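Quick caveat, the model's predicted, so the values are computed rather than measured. So that the names make sense, note that chain A is the first sequence line, chain B the second, and so on, each numbered from 1.
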There are 2 protein chains.
Amino acid sequence: MKLGEGVEAAIHCAAMLAGVDGAATMPGAAMAEAFGLSPSYLLKHLNMLTAQGILESVPGPAGGYRLARPAERITLLDIVLAVEGREPAFRCGEIRQRGPVRLDASAYVKPCGINAAMLKAERAYRAALAEARLSDIVAAYQSDADPRSVAAGCAFVARHQRPQKSSSTKQA
Amino acid sequence: MKLGEGVEAAIHCAAMLAGVDGAATMPGAAMAEAFGLSPSYLLKHLNMLTAQGILESVPGPAGGYRLARPAERITLLDIVLAVEGREPAFRCGEIRQRGPVRLDASAYVKPCGINAAMLKAERAYRAALAEARLSDIVAAYQSDADPRSVAAGCAFVARHQRPQKSSSTKQA
DNA sequence: TTATCATGGATAACTATTATCCGCAATAGC
DNA sequence: GCTATTGCGGATAATAGTTATCCATGATAA
């Protein structure tokens with residue numbers, strides 16, 4: 001059981017995008033630089049997030065990414081599912097009917113109890129992720145983390161975000 | 001996020017071993033045949049279970065595997081951790097401090113909030129698995145599944161289990 | 001017109017999983 | 001003892017999935 005590294009990158013990027021002002025955007029290259037990631041690969045993951053309606057992208061010289069909705073309505077589950085896919089971690093291969101003792105198909109209409117138990121645990125996992133809002137993550141970071149780290153993060157966002165044409169933004 | 005196929009095999013084998021009488025054992029080859037799996041690879045997973053003290057193995061012509069403790073005290077979590085390893089699915093790479101903006105190490109003493117949230121969800125997952133006892137799985141199977149399937153399973157166990165020398169076993 | 005940036009496809013490098021094979025040790029039955 | 005059966009461990013290959021890179025394309029602000 002393993003989660004891809006893209007999940008960590010996606011959550012950090014989303015948390016960073018929660019700090020940009022209004023409709024301003026942040027280039028993917030800037031976020032790749034901020035976390036020491038390869039730009040071309042990070043864009044793949046950001047693309048997954050835009051495809052799922054979590055991020056919005058703006059092309060062009062002043063373009064970049066921004067959250068598609070307020071951080072209060074984005075959960076860690078949204079991000080994890082967007083990057084890792086919606087399929088459950090446990091996939092029942094129905095090996096109970098793969099042996100040499102072939103019974104009629106009608107003997108297997110009831111779902112496999114093992115599969116049910118595994119999926120129940122996975123629902124608990126997803127429920128816990130669904131309760132973690134991106135705004136909570138950001139708030140906890142700003143109140144708990146080292147002030148130097150918070151200041152550096154805010155400075156980075158202020159330096160790299162690009163205000164959009166038809167919106168009023170306040171530059172820090 | 002993906003669980004290896006060995007998990008499904010391991011749980012099915014453990015459930016089957018819960019049906020053997022007393023100290024009797026069942027050869028790994030028989031279980032591989034029952035589920036249509038490659039014997040040599042299944043033994044690898046069974047080996048993980050024995051290494052973690054979930055199964056016992058007996059070498060020799062009448063040898064095989066049996067549960068190391070009653071099915072009431074074996075949970076799905078025990079099996080999943082034995083096969084998949086104990087490491088959490090989400091591994092924090094600390095990418096927050098991998099960027100070009102190097103702060104002093106003392107700025108990162110507080111644990112990463114994202115990591116904490118992901119691990120909290122994983123604890124919920126494991127807690128749900130820890131509540132699923134192997135005996136519950138077997139009981140649900142015997143009461144809910146198709147009677148033909150149950151009968152076939154019991155017959156297979158009765159046919160392939162090997163009673164041990166120094167123990168009294170009742171042959172069905 | 002130009003430079004910047006997202007998008008998508010193609011592709012390669014790398015890693016983990018899945019699978020197989022063989023020699024070894026243990027042991028029940030003859 | 002001898003033999004056949006079985007688990008154990010190491011070595012190794014085949015396969016799939018992840019990670020990473022590159023390039024051509026389209027959009028757009030200056």
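- D:dA29 atom P lies 17 Å from atom CD of A:Gln161, rounded to whole Å.
- Counting to the nearest Å, the P atom of D:dG7 and the CG atom of B:Leu49 are 14 Å from each other.
- Counting heavy atoms of neighbouring residues, nucleotides and ligands inside a 6.0 Å radius, atom CE of A:Met16 exceeds 12 of them.
- A:Val150 shares a hydrophobic cluster with A:Tyr141; the chain of contacts runs through ILVMFWY side chains whose heavy atoms sit under 4.5 Å apart.
- Note: CG (B:Leu46) to C1' (D:dG9) measures 15 Å, nearest angstrom.
- Legend: ring pair (Phe, Tyr, Trp, His ring centres under 6.0 Å) pairs involving residues 9-37 of chain A, not counting sequence neighbours, sorted by first then second residue: A:His12-A:Phe35.
- Listed by chain and residue number, B:Thr50 satisfy the side-chain hydrogen bond (donor to acceptor under 3.5 Å, both in side chains) test with B:Asn47 (two or more places apart in sequence, or in another chain).
- Minimum heavy-atom separation, B:Leu49 to B:Ala10: CD1-CB, 3.9 Å.
- Judged as a ring-ring contact (aromatic ring centres under 6.0 Å, His included), and not counting sequence neighbours, the contacts of B:Tyr41 are B:His45.
- Remark: B:Gln97 engages B:Glu94 in a side-chain hydrogen bond (donor to acceptor under 3.5 Å, both in side chains) (not counting sequence neighbours).
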Sub-3.5 Å pairs of nitrogen or oxygen atoms, protein against nucleotides 19-22 of chain D:
unit_1, atom_1, unit_2, atom_2, d
D:dT19, OP1, A:Glu5, N, 2.8
D:dT19, OP2, A:Tyr41, OH, 3.4
D:dT21, OP2, A:Ser38, OG, 2.8

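- When the P atom of D:dA11 is taken as reference, atom CG of B:Asn47 falls 15 Å away, rounded to whole Å.
- Protein chain B contacts DNA chain C from C:dT18 to C:dA28, reading 5' to 3' and using non-hydrogen atoms of the protein with a distance under 4.0 Å.
- Checked by atom type, the side-chain pair B:Asp21/B:Gln161 shows a donor-acceptor distance below 3.5 Å.
- A 4.5 Å side-chain heavy-atom check between A:Met26 and A:Leu17 finds at least one atom pair inside the cut-off.
- Residues B:Arg91 and A:Lys2 have side chains in contact (heavy-atom distance under 4.5 Å, counting atoms from C-beta outward).
- In the helix from C:dT1-D:dA30 to C:dC30-D:dG1, the rotation axis of the first five pairs and that of the last five pairs differ in direction by 10°, rounded to 10 degrees.
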Could you tabulate the donor-acceptor pairs under 3.5 Å formed by side-chain atoms of residues 104-112 of chain B, not counting sequence neighbours?
unit_1, atom_1, unit_2, atom_2, d
B:Asp104, OD2, B:Ser106, N, 2.9
B:Asp104, OD2, B:Ser106, OG, 2.8
B:Ser106, OG, A:Arg148, NH1, 3.3
B:Ser106, OG, A:Arg148, NH2, 2.9
B:Lys110, NZ, A:Asp144, O, 2.9

Taking distance alone, no hydrogens or angles, what donor-acceptor pairs closer than 3.5 Å link side-chain atoms of residues 58-73 of chain B to residues at least two apart or in another chain?
unit_1, atom_1, unit_2, atom_2, d
B:Arg66, NE, B:Glu56, OE1, 3.0
B:Arg66, NH1, B:Ala23, O, 2.5
B:Arg69, NH1, B:Arg73, O, 2.3

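- As judged by a 4.0 angstrom heavy-atom cut-off over every strand, B:Leu43 is placed among residues making no nucleic acid contact.
- For residues 130-139 of chain B, every residue pair satisfying the salt bridge (Lys or Arg N to Asp or Glu O under 4.0 Å) rule, not counting sequence neighbours, is listed here: B:Arg133-B:Asp136.
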Quiz item: What string of B, S and - do you get for nucleotides 1-6 of chain D, 5' to 3', if B is base contact, S is sugar-phosphate-only contact and - is no contact with any protein heavy atom under 4.0 Å?
Solution: ---BBB
